[in-house]
Amino acid sequence: MEKICITGGKGGVGKSMFAILLANDLLKKGKKVILCDCDVECPNDYLLLGQKLGKLVGQIYSEFPKIDNKKCRKCGICVKTCLSNAIFQAPEKYPLIIENLCSGCKACGIACPYGAISFYKKRTGRVFLTKVKKNFWLATGLANPGLEETGLIAAGTKNTILRLSRKINPDFILFDTAAGIHCPVVSVLIGCDSAYCLTEPTPMGAYDLSLILELCRKLGVKSKVVINQADLGDKAKVYKIAKKFKVKIEKEVPYSKELAIAYSNGNLLNFWK
Amino acid sequence: MRTKNIVILSGKGGVGKSMLASALSMLFSLEKKTIALDCDVDTPNLAIWLNEEGGKIISTTNSLKPEIDKRKCDGCGLCVENCQFSALIMEKKYPKLNPFICEGCGACKVVCPKGAISLKPVQNGEIKIIMTKYGFPLIYGRLFPGESGSGKIVSKIKEKAEKFIKEKDIVIIDSAPGTGCPVIASVRGSDYAILVVEPTISGVSDMKKALSVVNYFNVPFGIVVNKWDINKRIFKSIEKQFKNKILGKISYNKEIFKAISSLTPIMESSLEAKNEIKKIYLKLLTTICA
């Protein structure tokens, strides 16, 4: 089983479109494919394929602290320990937890000398799975709205699908990431066999490509470049970056009005027949 | 009128946030003191949109990473057990850190009974300022690839920008895609939000997610529909749903790629988008000054 990541740094360069195109190519070769949407803040693959989210196959929990005021002696150690600034204490008062800022690291509970901090579980994300057609499954990770730290949800989605894949036994799992280069992207890229890095022929596309290629290099993930809307704009800067990082330009996808329309309406499932 | 912080966000990436931010900054700067903040610290592109590069470093940013003193460590494994992010594993009787998934929370340091773990600052990014040729400053932050902490860099950009912002200034904040920590840090404290959407089912779905962040902070908002003519059916449904919240629309033109590639700012091009953005600017002006 091969684990392929589809990423790109810049937003809107066609990551999801290419992930579906790649899935389609593999299906045509008779391969079994799971497409796993790890853009957990804004997952779109199911919309582009005209699908429902499907069956709930995994739930991701974080543990948040709760202070027992009967045991708390207002010493303030938890406040000093919390590096996310999620615990606030007014003079002479009991500390207050600001859940939205809490990373769920539990350091406060370890530090409290009076055992006044306990933890409760709260669901922060969900993983869905649906069978799109023969040999083709779509998984979607979805973070709770308003959640700040979504890296754990992206990682949890990936791990849930890796576990489930033992039952489905696919030839390929395609992991579609969020835009950017921060934690939700890093946690998906780690451990993949290779990555397709999408870009567009603009100076912004070239610059953002250099960032994602550097990230892949640091994480030790073999990368290839795909240029979307390759016939518009100017590819020279993208070629230069690819050369600098010694990576191959795997594919150039030309602009297509028909594709843009199918994309906008969520009709990509049967587009590349 | 006091200072106005205007944040631009969209949920979905690549729908025109930085394009609009660059054009609006240029327009505002003709009449008011303006400052632009690029808070998409993962992939900051606003400088390129303004045909600028470089700049002066005004701050560096750090994240904390644990360092294990093997002379003190007895290999008990408590740090590995207590790391909620699975960033530590036992290797040859000692804990080993995977720095790429470490959140720098310090739980390992707190739990270590031997005092073998200390937290060391590691530079994870930098904040720069450019005085643009259009007469307004651009402050932007940059997260280094492989580091973590983009939300905190956004907060630091805002903090550093404060000393450049005076009464009555306009602050244009270009946010990252998504709805997570860097976006929340961008929206927090803003006076007005512009949501950019393209008429695709994914664009609309993501814009509504971004809107829920805006509503959470009770920030008044307006909507700009970019590439409105690529799907007129969806455009109409956006119009119907958001009526008077719509600030304006921008037409799709493949030529924009050529303008971008030759580093011509939209407001100096001959594209229809230029006039459409001017209209958006005028509507925005009456909305925020009302």
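The sequence lines fix the lettering, A, B, ..., with proteins before strands; numbering per chain opens at 1.
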What part of [X] gets within 4.5 angstrom of chain A, counting heavy atoms only: side chain, backbone, both, or neither?
X	answer
B:Tyr252	side chain
B:Ile234	side chain
B:Tyr216	side chain
B:Glu255	neither
B:Val213	neither
B:Asn98	side chain
B:Pro182	side chain

Would you mind telling me which of [options] has the largest number of heavy-atom pairs within less than 4.5 Å of chain B?
options	result
A:Lys106, A:Glu63, A:Lys10	A:Lys106
A:Ala107, A:Pro201, A:Cys105	A:Cys105
A:Leu101, A:Leu211, A:Thr150, A:Ile261	A:Leu211
A:Gly146, A:Ser84, A:Gly233	A:Gly233
A:Asp208, A:Asp234, A:Leu47, A:Leu215	A:Asp208

Pick from [options] with the largest number of heavy-atom pairs that fall under 4.5 Å of chain A:
options	value
B:Ser202, B:Gly14, B:Cys105	B:Ser202
B:Val41, B:Val15, B:Ile184, B:Ile201	B:Ile201
B:Ser86, B:Ser262, B:Ser261, B:Gly104	B:Ser261
B:Lys209, B:Lys258, B:Lys17	B:Lys209

Does any backbone or side-chain atom of [X] lie under 4.5 Å from a heavy atom of chain B? Answer side chain, backbone, both or neither.
X	answer
A:Leu189	neither
A:Ile190	side chain
A:Asn100	side chain
A:Ala178	neither
A:Leu147	backbone

Straight-line distance of B:Lys254 NZ to A:Asp231 CG, nearest 0.5 Å
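It is 7.0 Å, given to the nearest 0.5 Å.
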Check: [Y] main-chain N/O paired with [X] side-chain donor or acceptor under 3.5 Å:
X	Y	result
B:Ser190	B:Ser186	yes
B:Gln123	B:Gly125	yes
A:Asp37	A:Pro43	no
A:Thr124	A:Ile60	yes
A:Asn44	A:Ser16	no

Counting C-beta onward and ignoring hydrogens, is there a side-chain heavy-atom pair between B:Ser148 and B:Lys65 closer than 4.5 Å?
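B:Ser148 reaches B:Lys65 side chain to side chain.
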Under a 4.5 Å cut-off applied to non-hydrogen side-chain atoms, are A:Ile227 and A:Val253 in contact?
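When only atoms from C-beta onward are counted, A:Val253 and A:Ile227 do not touch, as no gap falls below 4.5 Å.
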Give me the atom names and distance for the closest heavy-atom approach of A:Val185 to A:Ala179.
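Answer, listing the atom of A:Val185 first, then A:Ala179: CG2-O, 3.6 Å.
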Candidates B:Ile256, B:Ile230, B:Asp229 - the one meeting side-chain contact (heavy atoms from CB on, under 4.5 Å) with B:Ser251:
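With B:Ser251 as partner, B:Ile256, B:Ile230, B:Asp229 yield a single side-chain contact (heavy atoms from CB on, under 4.5 Å), made by B:Asp229.
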Passing candidate, side-chain contact (heavy atoms from CB on, under 4.5 Å) with A:Leu138, options A:Leu269, A:Ile20, A:Asp176, A:Leu49:
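Of A:Leu269, A:Ile20, A:Asp176, A:Leu49, side-chain contact (heavy atoms from CB on, under 4.5 Å) with A:Leu138 is met by A:Leu49 alone.
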Can you confirm whether more than 12 heavy atoms, excluding those of B:Lys128, are under 6.0 Å from its NZ atom?
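Counting other residues, nucleotides and ligands, NZ of B:Lys128 exceeds 12 neighbours.
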Tell me whether the NZ or CZ atom of A:Lys122 lies within the 45° cone about the ring axis of A:Tyr61 and under 6.0 Å from its centre.
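Negative - A:Lys122 is either too far from the ring of A:Tyr61 or too far off its axis.
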